[in-house]
Amino acid sequence: MTKLPTDAEMTKLFHLGMTDAELAEEYDVTPQAVNKRFVKMKLRRKPIALRVNELVKSIWDVKTSRTGPSHHNAYILKNLKVYMRVQLGDTASEAQRREADWLIGRLIRDGAVIDYDADTESGWLYVPRKPEDGRRILRWPEGRELPEEDLQRAMELPSTEDSPRPPQIT
């Protein structure tokens, strides 16, 4: 079994945003071994789900309400978050993965991206992909700064080798 690199190298890889799963694969150890090493080094990542939720909040002001219409628990949003979490190395149930894969398949098939409009009944919309969307699975609001690189990658369609059909750009 290959051992993990020095603390200095681990710190560098941590700050480059490599996930525990990526490091585990590269060094032929378990993700738990990588996480244990980071904990010992006092390097803590925010839980992936928290990072994804914070990203969504930074993009959209999603309507939430205990008494009226609410968009924060919508099917599209749930699957968007699962897909992004998995892209970042988090775990998900087989059912969650299937639903997220269905969502991505629809985006590819329809040449669409996900957008949000609080003024609509459902809030979440599939809108036609534009060239400025690139490979993102969601419509990035104009004027908003893009997040860290690993989060940007998590918002991208799978590579064309993994996709049944490349995205249509209209």
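Every value quoted in this text rests on a predicted model; they were computed, and no experiment measured them.
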Exercise. How far does CE of Met155 sit from CG of Asp150, to the nearest 0.5 angstrom?
Worked result: 10.0 Å

For this session: For residues Asp90 and Val52, determine if any side-chain heavy atom of one lies less than 4.5 Å from a side-chain heavy atom of the other.
Result: no

Problem set entry | Any donor-acceptor N/O pair, Arg139 side chain to Asp133 backbone, under 3.5 Å | no

For this session: Write down the atom of Gly89, the atom of Ile48, and the distance for their closest heavy-atom approach.
Result: C-CD1, 3.9 Å

Exercise. Are Leu103 and Val127 connected in a single hydrophobic cluster, I mean Ile/Leu/Val/Met/Phe/Trp/Tyr linked by side-chain heavy atoms less than 4.5 Å apart?
Worked result: no

Exercise. Got more than 12 heavy atoms from elsewhere within 6.0 Å of CD, Glu149?
Worked result: no

Exercise. Taking side chain as C-beta onward, heavy atoms only, is Asp61 less than 4.5 Å from Tyr116?
Worked result: no

Problem set entry | Minimum side-chain heavy-atom gap Pro147-Gln152 below 4.5 Å | yes

Exercise. Side chain of Gln96, backbone of Ser93: donor and acceptor closer than 3.5 Å?
Worked result: yes

For this session: Please check if the side chain of Arg136 supplies one atom and the backbone of Val113 the other of a donor-acceptor pair under 3.5 Å.
Result: no

Problem set entry | In one Ile/Leu/Val/Met/Phe/Trp/Tyr side-chain cluster, 4.5 Å: Leu125, Leu138 | no

Exercise. Do Arg37 side-chain atoms and Pro5 backbone N/O form a donor-acceptor pair below 3.5 Å?
Worked result: yes

Seminar exercise, completed: Rounding to 0.5 Å, atoms CZ (Arg106) and CD1 (Ile108) come to a distance of 13.0 Å

Seminar exercise, completed: Between Leu88 and Ala154, the two heavy atoms sitting closest are CG-CB, 3.7 Å

Problem set entry | Linked, directly or transitively: Leu157 and Leu77 (ILVMFWY side chains, under 4.5 Å) | yes

Problem set entry | Validation row: Tyr126, Ile76 side chains within 4.5 angstrom (heavy atoms) | yes

For this session: Of all the heavy-atom pairs spanning Leu4 and Tyr27, show the shortest one and how long it is.
Result: CD2-CB, 3.9 Å

Problem set entry | CG-CG distance between Asp28 and Leu23, expressed to the nearest 0.5 angstrom | 13.0 Å

Problem set entry | N/O donor-acceptor pair under 3.5 Å between Arg51 side chain and Arg85 backbone | no

Exercise. With distance as the sole test, does Trp124 use its side chain to make a donor-acceptor pair with the main-chain N or O of Ile114 at under 3.5 Å?
Worked result: no

Problem set entry | Side-chain (Tyr83) to main-chain (Glu156) donor-acceptor, under 3.5 angstrom | yes

Exercise. Going only through I, L, V, M, F, W and Y residues with side-chain contacts under 4.5 Å, is there a path from Tyr75 to Ile137?
Worked result: yes

Problem set entry | Minimum side-chain heavy-atom gap Lys78-Val82 below 4.5 Å | no

For this session: Look at the aromatic rings of Phe38 and Phe14 and report parallel, tilted or perpendicular, splitting at 30° and 60°.
Result: perpendicular

Exercise. Side chain of Arg129, backbone of Gly111: donor and acceptor closer than 3.5 Å?
Worked result: no

Exercise. Between Met41 and Thr11, is any pair of side-chain heavy atoms under 4.5 Å apart?
Worked result: yes

Exercise. What about Ile104 and Trp140, same hydrophobic cluster or not, with Ile/Leu/Val/Met/Phe/Trp/Tyr joined at side-chain heavy-atom distances under 4.5 Å?
Worked result: yes

Seminar exercise, completed: Pro31 and Ala24 have their tightest heavy-atom pair at N-CB, 3.4 Å

Seminar exercise, completed: In terms of heavy-atom contacts, Met84 and Leu55 come closest through CE-CD2, 3.1 Å

